[in-house]
S.K.: 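Input: one structure, supplied below.
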Amino acid sequence: MKILVCVKRVLDPQVKARVKADESGVDLANAKMTMNPFCENALEEALRLREAGIGEEIIVASVGGGKTEETLRHGLAMGADRAIQVVTEETLEPLAIAKVLKQVAEQEGVGLVLAGKQAIDDDSNQTAQMLSALLGWSQATYCSEIKIDGDKATVIREVDAGLETIEVKMPAVMSADLRLNEPRYVKLPDVMKAKRKPMDKIELDSLGLDTANRLTTLKVEEPEGRAAGVIVNSVSELVEKLRNEAKVI
Amino acid sequence: MANLVIVEHDNNEVAAATLHAVTAAQQIGGDIDLLVAGENCGAVAEAAAKIAGVSSVKVADDAKFGHHLAENLATLIVEVAAGYSHVLASATTFGKNVMPHASALLDKAQISEIVEVKSADTFVRPIYAGNALATVQSSDSIKMITVRTIKFEAAAAEGGSASVEAISGGTDTGLSSWVSQAVSDNDQVDLTSAKIVVSGGRGMQSGDNFSMLHSVAEKLGAAVGASRAAVDSGFVPNELQVGQTGKVIAPDLYIAVGISGAIQHLAGMKESKVIVAINNDSEAPIFQVADYGLVADLFEAVPQLDAAL
Ligand SMILES: Cc1cc2nc3c(=O)[nH]c(=O)nc-3n(C[C@H](O)[C@H](O)[C@H](O)COP(=O)(O)OP(=O)(O)OC[C@H]3O[C@@H](n4cnc5c(N)ncnc54)[C@H](O)[C@@H]3O)c2cc1C
Ligand SMILES: Cc1cc2nc3c(=O)[nH]c(=O)nc-3n(C[C@H](O)[C@H](O)[C@H](O)COP(=O)(O)OP(=O)(O)OC[C@H]3O[C@@H](n4cnc5c(N)ncnc54)[C@H](O)[C@@H]3O)c2cc1C
């Protein structure tokens with residue numbers, strides 16, 4: 001079974017996002033970027049499926065501009081066999097990205113698509129679900145365990161109430177939660193090897209899809225900060241303040 | 001304008017989160033109808049009809065909707081959505097799972113986790129773990145929306161008298177089937193609606209030590225929460241995780257014990273009215289958002305707190 005893993009380039013999770021002075025967006029100039037952490041979990045799972053003899057070729061794909069190649073190279077260094085960059089300088093919405101990924105999944109004839117459950121920049125939490133709808137394939141989101149057995153898979157999903165187990169028919173689209181696995185570290189020889197792995201570039205326009213955005217971002221602003229608090233010296237002072245000043249207990 | 005709110009429920013009761021989505025619909029304006037899809041969910045439909053401000057409740061009672069599997073439920077939403085300008089659901093794992101699926105079938109964008117309604121087509125939503133707020137305007141004919149519950153009051157659960165209409169429709173896609181749900185401890189106060197939350201982090205060192213927090217929580221009528229590090233370390237189950245990728249909560253009082261205050265954790269609790277931090281590292285970032293900070297060893301401070309209550 002061929003596996004497609006969808007990966008996104010995002011601001012490093014350790015870096016605090018800063019809003020641009022003109023309120024047009026978040027300032028990413030010279031910021032440290034990485035592969036979205038959930039996408040690393042998705043890729044790690046694909047690698048383990050291959051190691052278990054269930055997955056064969058693993059393709060990492062990303063929709064994005066010039067530097068997206070770096071993120072795909074990281075995916076190749078982790079162990080993917082080849083990469084596809086759908087090149088666009090525009091910022092597409094999840095629906096458009098799902099349309100693009102659908103085309104890639106169909107052209108490549110994959111039997112499983114793995115994605116992150118959400119991208120930590122836009123926090124949309126949509127792409128995998130949309131892709132499942134467009135492909136007409138089973139959907140399994142927020143996976144913390146995946147077991148594939150022939151034409152079906154059993155997955156454990158992290159939901160608000162705890163853990164839900166569902167069974168899905170293959171082919172399927174699955175989205176990874178952080179507890180699915182611990183992504184492997186990339187070693188220097190892997191980085192060298194990744195340089196020689198194939199990287200296809202497809203111009204977005206050549207796909208002939210309607211990827212027009214439906215939303216216009218009018219402005220991006222910083223949320224209101226919290227007023228500075230106080231340091232109390234003892235538990236009794238804390239309890240006194242909670243009772244008489246904040247009146248919350 | 002007409003709003004359709006997808007009701008979240010367990011075939012017995014309407015989930016509290018839905019009441020917040022109804023309020024968002026009220027702010028958008030126009031009629032509000034509810035869609036209840038489930039199996040043997042008559043009681044839910046009856047309760048839904050009593051929610052203040054609702055015109056009508058459509059009920060699709062069918063085994064194929066019994067476990068709210070996204071593929072089946074989305075086909076029904078698509079059929080019903082045709083008559084509406086706005087379709088809303090709460091931004092819980094229920095809403096987040098099904099709404100994008102339905103949106104894609106309708107070829108509409110989804111506006112995720114709105115925190116404010118500016119007008120019928122313009123909404124504010126957090127991005128970058130809440131470190132920025134984006135105001136977005138939608139050009140779609142049907143606006144597909146998930147609602148961040150903490151930013152909208154709950155609509156009154158009683159006082160309405162909506163009509164109830166049974167409908168059929170939707171497809172049994174046969175793609176997925178439900179197997180089981182790990183049931184968590186029902187005696188505990190619900191994290192998302194609790195007025196007070198006591199959360200523990202890696203500093204707790206073990207699951208057993210969480211009993212200290214449970215004891216404090218019991219005295220305060222509080223729920224217990226956790227950081228991701230505490231969940232990843234196996235101290236507590238995943239449903240207790242607060243943060244960007246866990247639950248987003250805004251209780252009146254949030255007590256963070258042995259939690260450093262990473263951006264991703266703050267994303268889930270910084271809207272709390274009063275924040276208390278107990279941490280032995282005075283440099284911990286949690287103190288920057290705390291109203292009351294106590295620099296102390298939690299293994300001394302928490303038993304003292306317990307005794308003082
Ligand atoms: C300021 C600003 C505001 C925005 N507001 C909105 C908005 O309100 N609504 C909206 O829909 N969009 C909005 N966008 C568009 C946004 O840029 C996102 O790129 C796009 O919506 C994808 O969302 P996400 O990455 O959060 O997707 P998610 O659905 O959270 O991503 C989940 C997974 O999908 C896969 N994936 C996502 N993107 C790609 C990709 N490019 N290539 C390959 N795989 C991918 C990855 O596996 C990822 O882990 C906004 C953009 C900006 C700059
Ligand atoms: C993509 C992504 C998503 C994430 N999502 C979430 C999320 O949803 N929720 C979340 O919480 N995190 C999330 N994280 C993880 C987050 O970045 C932090 O790693 C995590 O919140 C740290 O948990 P912690 O504060 O318990 O642990 P630590 O950062 O290790 O902090 C432990 C604290 O305990 C204090 N301490 C230790 N011993 C004592 C003692 N005896 N007395 C008092 N204090 C003591 C220490 O001083 C320290 O400040 C996410 C990370 C990523 C990359």
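For clarity, every value in this text was computed on a predicted model and none was experimentally measured.
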S.K.: Counting heavy-atom pairs under 4.5 Å with chain B, which one of A:Lys219, A:Glu245, A:Lys169, A:Arg18 comes out on top?
M.R.: A:Lys219

S.K.: What part of A:Val159 gets within 4.5 angstrom of chain B, counting heavy atoms only: side chain, backbone, both, or neither?
M.R.: both

S.K.: Under 4.5 Å heavy-atom distance to chain A, tell me which part of B:Glu300 shows up: side chain, backbone, both or neither.
M.R.: neither

S.K.: Can you check whether B:Gln110 reaches A:Met130 side chain to side chain, under 4.5 Å on heavy atoms?
M.R.: yes

S.K.: Chain A heavy atoms under 4.5 Å from B:Leu191: which part of the residue, side chain, backbone, both or neither?
M.R.: neither

S.K.: Under 4.5 Å between any side-chain heavy atoms of A:Glu23 and B:Thr135, yes or no?
M.R.: no

S.K.: By a 4.5 Å heavy-atom criterion (distance strictly below it), what part of A:Arg157 contacts chain B: side chain, backbone, both, or neither?
M.R.: side chain

S.K.: At a 4.5 Å cut-off on heavy atoms, which part of B:Ala308 comes close to chain A: side chain, backbone, both, or neither?
M.R.: both

S.K.: Quick one: what part of A:Leu238 sits under 4.5 Å from any heavy atom of chain B, side chain, backbone, both or neither?
M.R.: side chain

S.K.: Determine whether a donor-acceptor pair (N or O, by modelled atom type, separation under 3.5 Å) exists between the side chain of A:Gln139 and the backbone of B:Glu71.
M.R.: no

S.K.: Decide yes or no for A:Val248 and B:Lys195: does some side-chain heavy atom of the first lie under 4.5 Å from some side-chain heavy atom of the second?
M.R.: no

S.K.: Considering only heavy atoms from C-beta outward, does the side chain of B:Glu113 approach that of A:Asn125 to under 4.5 Å?
M.R.: no

S.K.: Sort A:Ala246 into side chain, backbone, both or neither according to what part of it lies under 4.5 angstrom from a heavy atom of chain B.
M.R.: both

S.K.: Who among A:Arg179, A:Lys152, A:Glu158 has the most heavy-atom pairs with chain B under 4.5 Å?
M.R.: A:Arg179

S.K.: So for A:Arg214, is it side chain, backbone, both, or neither that comes closer than 4.5 Å to the heavy atoms of chain B?
M.R.: both

S.K.: Give the member of A:Ala133, A:Pro13, A:Gly229 that has the highest number of heavy-atom pairs under 4.5 Å with chain B.
M.R.: A:Ala133

S.K.: Looking at chain B, which one of A:Ser144, A:Ala228, A:Ser175, A:Ser132 has the largest number of heavy-atom pairs inside 4.5 Å, strictly under?
M.R.: A:Ser132

S.K.: Answer yes or no: is there a donor N or O on one side and an acceptor on the other, between the side chain of B:Gln304 and the main chain of A:Ser234, under 3.5 Å?
M.R.: no

S.K.: Is the backbone N or O of B:Ala70 less than 3.5 Å from a side-chain atom of A:Gln129, with the two atoms forming a donor-acceptor pair by type?
M.R.: no

S.K.: Do B:Val274 and A:Leu242 come within less than 4.5 Å of each other through their side chains, counting heavy atoms only?
M.R.: yes

S.K.: Tell me, do A:Asp160 and B:Phe94 make a side-chain contact under 4.5 Å, heavy atoms counted?
M.R.: no

S.K.: Could you check which of A:Asn213, A:Asn233, A:Leu178 has the highest count of heavy-atom pairs closer than 4.5 Å to chain B?
M.R.: A:Leu178

S.K.: Answer with side chain, backbone, both or neither: which region of A:Ser236 has an atom nearer than 4.5 Å to a non-hydrogen atom of chain B?
M.R.: neither

S.K.: Among the options A:Val168, A:Ile249, A:Leu218, pick out the one with the most heavy-atom pairs lying under 4.5 Å from chain B.
M.R.: A:Leu218

S.K.: Is it true that the side chains of B:Ser103 and A:Gln126 contain a donor and an acceptor less than 3.5 Å apart?
M.R.: no

S.K.: Would you say the side chain of A:Gln118 lies within less than 4.5 Å of the side chain of B:Gln244, judging by non-hydrogen atoms?
M.R.: yes

S.K.: Evaluate the criterion side-chain contact (heavy atoms from CB on, under 4.5 Å) for residue pair B:Asp107 and A:Lys99; output intermediate values, then yes/no.
M.R.: CA-CA 10 Å; B:Asp107 194 33; A:Lys99 288 178 185 175; 2.9 Å; yes

S.K.: Do side-chain atoms of B:Asn238 reach the backbone of A:Gly162 as a donor and acceptor pair under 3.5 angstrom?
M.R.: yes

S.K.: Donor-acceptor pair, A:Lys16 side chain versus B:Ile263 backbone, under 3.5 Å?
M.R.: no

S.K.: Under 4.5 Å from any heavy atom of chain A, what part of B:Phe123 do you find: side chain, backbone, both or neither?
M.R.: neither

S.K.: Any sub-3.5 Å donor-acceptor pair from B:Arg125's side-chain atoms to A:Asp122's backbone N or O?
M.R.: yes

S.K.: With only heavy atoms counted, which part of A:Val19 is less than 4.5 Å from chain B, the side chain, the backbone, both or neither?
M.R.: side chain

